[in-house]
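The block underneath contains the structure these notes are about, expressed in structure tokens.
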Amino acid sequence: MRSGHQGTGPGAITPDGCAVQLYSRLPAGEEPDIIAGAVPAGAHILELGCGVGRMTHPLLERGFTVTAVDESAEMLARVRGARTICSAIEDLDLGGTFDVVLLASFLVHSGDVEVRRGLLRTCVRHVVDGGCVLIQREGEDYHADLPRERMDPRGFTLRIVSSEPVGDGVNSVRAEYEFPDAVWTQTFLARPLTEEQFEEALVEAGLKVDKYLTDDRIWVRAVPAGGE
């Protein structure tokens, strides 16, 4: 288990506190459509932190080729139709490049600055010249007005219970997922980043924002800073 992270509930729990059975139940939502609309048709995507394939499978259905990376073998065992690689993202070096590198699930907000730098270096290392990196960042109010909850029409409730400062700009966040037959919790460390801080982190890694893809500015397309 990574320091500051934990999870509870049925089934295997990954090093960052994610429950494998939980993520097997969660819907993909609109993310695959956002990704598909931002990259060339048929692109080869390197998906970092793929989990159980919640986005992998819809992307495959849309005609993309996906190489899926996760540090949890239990998560990867549920991925179908993609090349899978079990590795911590910050340690990954495949010796090749991809049209698109995908860093979703707010991973860019890692509480550990060195981990964040490692994640972004991995993105830069694996994106082809002329390619792009798609990043999912937190919404502006993610750590505010808590607790809050959202009832999903598929029959479960997501609660962000708390986000408590633990020092050095890092918050400890607790989330709960309540289904009729099971409850899971996850506690993890997150570093809130203003838009300016986020863009500075990209520049430090050799990236720059090409376009904010959604009105809430959560999804971002970045490109190598030396590219067009």
Side-chain angles (χ1 to χ4, degrees), residues 1-24 26 46-55 68-79 84-94 101-126 133 135-139 141-144 146-148 158-178 182-194 197-198 200-202 204-205 207 218:
M1 194 66 61
R2 290 181 180 241
S3 178
H5 296 244
Q6 63 180 12
T8 66
I13 305 293
T14 68
D16 59 356
C18 294
V20 176
Q21 289 186 26
L22 165 64
Y23 277 84
S24 296
L26 294 181
L46 175 63
E47 184 185 2
L48 302 175
C50 66
V52 296
R54 189 167 56 97
M55 285 192 281
V69 178
D70 204 276
E71 67 179 348
S72 166
E74 292 91 346
M75 288 282 198
L76 285 175
R78 301 192 178 217
V79 176
T84 58
I85 297 170
C86 189
S87 172
I89 297 168
E90 58 268 33
D91 298 331
L92 186 71
D93 189 349
L94 298 179
V101 179
L102 176 60
L103 186 70
S105 303
F106 313 126
L107 293 176
V108 73
H109 290 274
S110 171
D112 187 327
V113 171
E114 288 306 315
V115 170
R116 182 190 72 207
R117 288 170 174 156
L119 299 177
L120 292 175
R121 283 195 297 266
T122 294
C123 293
V124 172
R125 186 161 54 242
H126 290 92
V133 178
I135 301 171
Q136 185 182 25
R137 58 187 290 265
E138 293 174 349
D141 63 347
Y142 185 84
H143 296 268
L146 301 179
R148 67 174 179 270
L158 164 61
R159 298 185 186 90
I160 305 298
V161 178
S162 60
S163 177
E164 300 294 337
V166 293
D168 189 34
V170 177
N171 289 355
S172 177
V173 181
R174 178 180 170 87
E176 295 179 353
Y177 300 82
E178 183 178 343
V183 176
W184 286 273
T185 73
Q186 182 181 8
T187 301
F188 57 94
L189 298 181
R191 182 179 296 273
L193 299 171
T194 65
Q197 289 170 330
F198 167 73
E200 288 174 350
L202 295 190
E204 180 187 40
L207 293 167
I218 288 176

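Because the structure is a prediction, the values reported are computed rather than measured.
- Each of Val133, Asp70, Thr122, Leu102 was compared with Leu48 under the side-chain contact (heavy atoms from CB on, under 4.5 Å) criterion, and only Thr122 meets it.
- For the pair Pro10 and Ala182, the tightest heavy-atom approach, listed with the atom from each and the gap, is CG-CB, 4.1 Å.
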Step by step, would you call Glu74 with Gln21 a side-chain contact (heavy atoms from CB on, under 4.5 Å)? CA-CA 10 Å; Glu74 292 91 346; Gln21 289 186 26; over 6 Å; no
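- Here Ser87 pairs with nothing under the side chain to side chain donor-acceptor pair (under 3.5 Å) rule; sequence neighbours left out.
- For Arg2, the side chain to side chain donor-acceptor pair (under 3.5 Å) criterion is met by Glu71, Glu90, not counting sequence neighbours.
- Scanning both residues, Ala205 and Val124, for their nearest heavy atoms gives O-CG2, 3.3 Å.
- Summarising the geometry of Ala68 relative to Cys50, their closest heavy-atom pair is CB-SG, 3.5 Å, with the distance given to 0.1 Å.
- Among residues two or more places apart in sequence or in another chain, the side chain to side chain donor-acceptor pair (under 3.5 Å) test is passed with Thr185 by Thr8.
- For Tyr142, the ring-ring contact (aromatic ring centres under 6.0 Å, His included) test picks out Phe106, with sequence neighbours left out.
- The distance from atom CZ of Arg54 to atom OG of Ser24, rounded to the nearest 0.5 Å, is 10.5 Å.
- Looking at residues two or more places apart in sequence or on another chain, you find no salt bridge (Lys or Arg N to Asp or Glu O under 4.0 Å) involving Asp91.
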Give the C-alpha distance, both sets of side-chain angles, the deciding distance and a yes or no for side-chain contact (heavy atoms from CB on, under 4.5 Å) between Leu92 and Leu94. CA-CA 6 Å; Leu92 186 71; Leu94 298 179; 3.6 Å; yes
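- Partners of Glu204 under the salt bridge (Lys or Arg N to Asp or Glu O under 4.0 Å) rule, at least two apart in sequence or in another chain, are Arg117.
- For the pair Leu103 and Leu120, the minimum side-chain heavy-atom distance is below 4.5 Å.
- Residues Val52 and Val20 meet the side-chain proximity criterion, which asks for heavy atoms closer than 4.5 Å.
- Distance check, rounded to the nearest 0.5 Å: CG of Asp93 to NE2 of His126 gives 5.0 Å.
- Not a single salt bridge (Lys or Arg N to Asp or Glu O under 4.0 Å) links Glu138 to another residue, sequence neighbours left out.
- Using a 4.5 Å heavy-atom cutoff, the side chains of Ile135 and Leu202 are in contact.
- Counting heavy atoms from C-beta on, the side chains of Phe198 and Val108 come closer than 4.5 Å.
- Side-chain contact between Tyr177 and Tyr23 is present, with heavy atoms from C-beta onward closer than 4.5 Å.
- Rounded to the nearest 0.5 angstrom, Ile85 CD1 and Leu46 CG are separated by 7.0 Å.
- Summarising the geometry, atom SG belonging to Cys18 is positioned 4.0 Å from atom CD belonging to Gln186; distances are rounded to the nearest 0.5 Å.
- Partners of Pro165 under the side chain to side chain contact (heavy atoms under 4.5 Å, CB included) rule, at least two apart in sequence or in another chain, are Asn171.
- Separation of atoms CD (Glu164) and CG (Leu146) is listed at 8.5 Å; rounding is to 0.5 Å.
- The heavy-atom pair separating Asp141 from Arg148 by the smallest distance is O-NH1, 3.4 Å.
- Side chains of Leu193 and Arg137 form no contact here, defined as non-hydrogen atoms less than 4.5 Å apart.
- Listed by chain and number, the residues in a salt bridge (Lys or Arg N to Asp or Glu O under 4.0 Å) with Arg191 are Asp168 (sequence neighbours excluded).
- With sequence neighbours left out, Leu189 forms a side chain to side chain contact (heavy atoms under 4.5 Å, CB included) with His5, Val166, Val170, Ser172.
- The two residues Pro147 and Val161 come nearest to each other via the heavy atoms CB-O, 3.4 Å.
- Met1 CE to Thr14 OG1: the interatomic distance, rounded to the nearest 0.5 Å, is 6.5 Å.
- Val183 pairs by the side chain to side chain contact (heavy atoms under 4.5 Å, CB included) definition with Glu178, not counting sequence neighbours.
- Taking each heavy atom of Trp184 and Gly9 in turn, the nearest pair found is CD1-CA, 3.5 Å.
- Taking Ser110 as the reference, nothing meets the side chain to side chain donor-acceptor pair (under 3.5 Å) condition, with sequence neighbours excluded.
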